[in-house]
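Dropping a structure here in structure tokens format, bear with me for questions.
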Amino acid sequence: MKFIRRPGCQAKVGLAVAITALSLGGGCGEDSSQESVEMPADAPDASGAVAAQTASAGDAIFVDVTQQVGIEFHHFIGNGKYYFPEIMGSGCGVFDYDNDGDLDVYALQGALLDPEEKLGDPVYPYRGQGVPRNRLWRNDLEQGTLRFTDVTEQSGVGDAGYGMGCAVADYDNDGFLDLYVTNYGPNVLYHNNGDGTFTDVTAGAGVGNALWGASASFSDLNNDGLLDIYLANYVDWRLSLDRECYSSTGIRDYCAPITYKPAPDALYFQRPGGRFEDVSSATGIDRGRGNGLGVCCADFNCDGKLDIYVANDGTENFMWINRGDGTFEDQALFGGVAVNDGGTCEAGMGVSASDVDGDGDEDLFLAHLTRETSTLYLNDGGGFFRDATTEFGLATITQKFTSFGSRWFDYDSDGLLDLFNPNGEVYWQQSAADDPYPYQQLNQLFRGTAERRFQDVSAVAGPPFAVEEVSRGAAYGDLDNDGDIDIILLNNNGPLRVLRNEVGSRLHWLALQLRGVRSNRSAIAARIALKLPNGRTYWRRVHSDGSYCSASDLRVHFGLGEQSGPVEGTVYWPSGLVEKWPNLKVDTQVDLIEGQGQSLQ
């Protein structure tokens, strides 16, 4: 395998942060001080943000269009006997399964956990017809109008397991996106046949892991052009091990994850012919023990090799650094991302990796439990991070919420990354004692500013942000192809919602669809440097992982603010090829195929 050191980021304060990490010892102890870094010279100014704010004054940022677009789905958690999986919730996905140029929607569904129970028995009844199953809706977008059709039965992806999450990619490089479904119980790999149907190839592929699967990621971790699978497993809960737990007031409640033993994660390398080999032991992954919920793969130390970050629930997080010899080493503690700034383990649910401070490397955002705050880790370019949550104004505004499917994205297309936090409690709330399911919270939307702060704009974000629900997984993508990012949101024991973006297309934007030739066809992990006429450069990567148990659009969206273009794009393909496209037209989607740009080598 050949790895090329990735440009675009430089190590700046690695030694200081490394010493900080070492001072934390076992990871859940002493506090420590950390130094700050300056905003890069090419950081975007506030003009785009101000323009977006003015354009959207008095308008909703997001509107709920679920009923109008023809989607009806209510998540089912099971029999209501406080079995642990009931409180965790499921994810969702957006991907173009039929190659017609628009995003289709997939939702994970729960199931009965006790085989002795019947559907008529649960405290929280199933509101669908027949057996609870995952659902797939085809996007029949026409002249900008969204309309979805349920194609679950004919497509063959209506798995009836206790659904948790999904991952999406063209794993066999045949031009059609495939689907991996994680369950409490055996997982399922669906091969896209290219004719609107899928085939269950789990047995032949060897990826039917029977533990409690959560998030998964398709990524080419050994750089052979074939996509591999990292699977984050949660805890070892079974009916035979179920325990009764209670709140501090003596009310029956769901147990904490520490009640059960962690389930080991798994890593599968794909071999020719579509067979996956379990290399968890050979790569060293099996040495880690954590309550895995969120996962994303990126080159965190800028050495040209793809690494793995896992958000663990109540245990130290993992940062599996790729050694390039087929093995991985957990350097989360050394890198400063195993625990928070106070040396405390937190309840990691969702995770997002992107370049939030504009210096070209991958920063991390983790969604956490009420009273813990969400956590923002800034990368120094060498794989060493510091907790910048307070510095960016995210501590106080996230502390009262339990968040899951969080992700960085530019909702207003001003060039600055924003955040969506889907919220919902996991423990009984006294304030909602009269509610049969007292776990609701409001969701939050944060706008990134040029002052290295996040502004809570939830109060003006639209009617969906005034509704208290138990939100879990979220998938992000441009559903109506109008140039901004919409959200599919799945609520635990509640409805799936389609949140349409109303403001992001008012400024300039660019969407890039990459296709690998020497690299994996989905171009996962390709890096794009987009240079604007004013000299600024934005860095993004191709990925669908992150969030919580969900799969987002593989297209790469750039918000450009007032920059009308054209702009220059440079792609660093996973194969090592570097190509430039000097005149990309803005306010449109452009397809970039490996080998058809101007080679820079």
Does anything in residues 157-183 form a ring pair (Phe, Tyr, Trp, His ring centres under 6.0 Å)? List the pairs, not counting sequence neighbours.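 Residue pairs with at least one partner in residues 157-183: Y171-F276.
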Is there any disulfide bond (SG atoms under 2.5 Å apart) pair reaching into residues 82-151, and which pairs are they, with sequence neighbours excluded?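 Residue pairs with at least one partner in residues 82-151: there are none.
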Using ring-ring contact (aromatic ring centres under 6.0 Å, His included) as the criterion, point out the one residue from Y184, Y260, Y548, F84 that pairs with Y234.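 Among the candidates, only F84 passes.
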With sequence neighbours excluded, tell me which residues meet side chain to side chain contact (heavy atoms under 4.5 Å, CB included) with R271.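 N222, F269, E277, V279.
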Disulfide bond (SG atoms under 2.5 Å apart): pairs with one or both residues in residues 100-158, sequence neighbours excluded: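 Listed once each, the pairs would be none.
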Applying ring-ring contact (aromatic ring centres under 6.0 Å, His included), name anything that partners Y427, two or more places apart in sequence or on another chain.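 With neighbours one apart ignored, the set is empty.
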Could you pull out all donor-acceptor pairs under 3.5 Å where a side-chain atom in residues 209-218 meets a protein atom, sequence neighbours excluded?
unit_1 : atom_1 : unit_2 : atom_2 : d
N209   : OD1    : L211   : N      : 3.0
N209   : ND2    : Y268   : OH     : 3.2
S215   : OG     : L293   : O      : 2.5
S215   : OG     : C549   : N      : 2.9
S217   : OG     : S219   : OG     : 3.0
S217   : OG     : D545   : OD2    : 2.7

What residue pairs, at least two apart or across chains, pass ring pair (Phe, Tyr, Trp, His ring centres under 6.0 Å) with a residue in residues 132-156?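 Matches after skipping sequence neighbours: F73-W137.
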With sequence neighbours excluded, tell me which residues meet side chain to side chain contact (heavy atoms under 4.5 Å, CB included) with S247.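 Side chain to side chain contact (heavy atoms under 4.5 Å, CB included) list for S247, sorted by chain: T249, I251, D253, W428.
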Tell me, please, which residues at least two apart from D170 pass side-chain hydrogen bond (donor to acceptor under 3.5 Å, both in side chains).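 D170 satisfies side-chain hydrogen bond (donor to acceptor under 3.5 Å, both in side chains) with no other residue.
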Please list, chain by chain and in numerical order, all residues satisfying side chain to side chain contact (heavy atoms under 4.5 Å, CB included) with S552, sequence neighbours excluded.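 Only R407, A475, Y476 meet the side chain to side chain contact (heavy atoms under 4.5 Å, CB included) criterion with S552.
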Considering only residues two or more places apart or on different chains, which pairs with a residue in residues 110-137 satisfy salt bridge (charged side-chain N to carboxylate O under 4.0 Å, His left out)?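 Only K81-E117, R135-D150, R135-E153 qualify under salt bridge (charged side-chain N to carboxylate O under 4.0 Å, His left out).
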Restricting to pairs with a member in residues 247-293, which pass disulfide bond (SG atoms under 2.5 Å apart), not counting sequence neighbours?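 Of all non-adjacent pairs touching residues 247-293, those that pass disulfide bond (SG atoms under 2.5 Å apart) are C245-C255.
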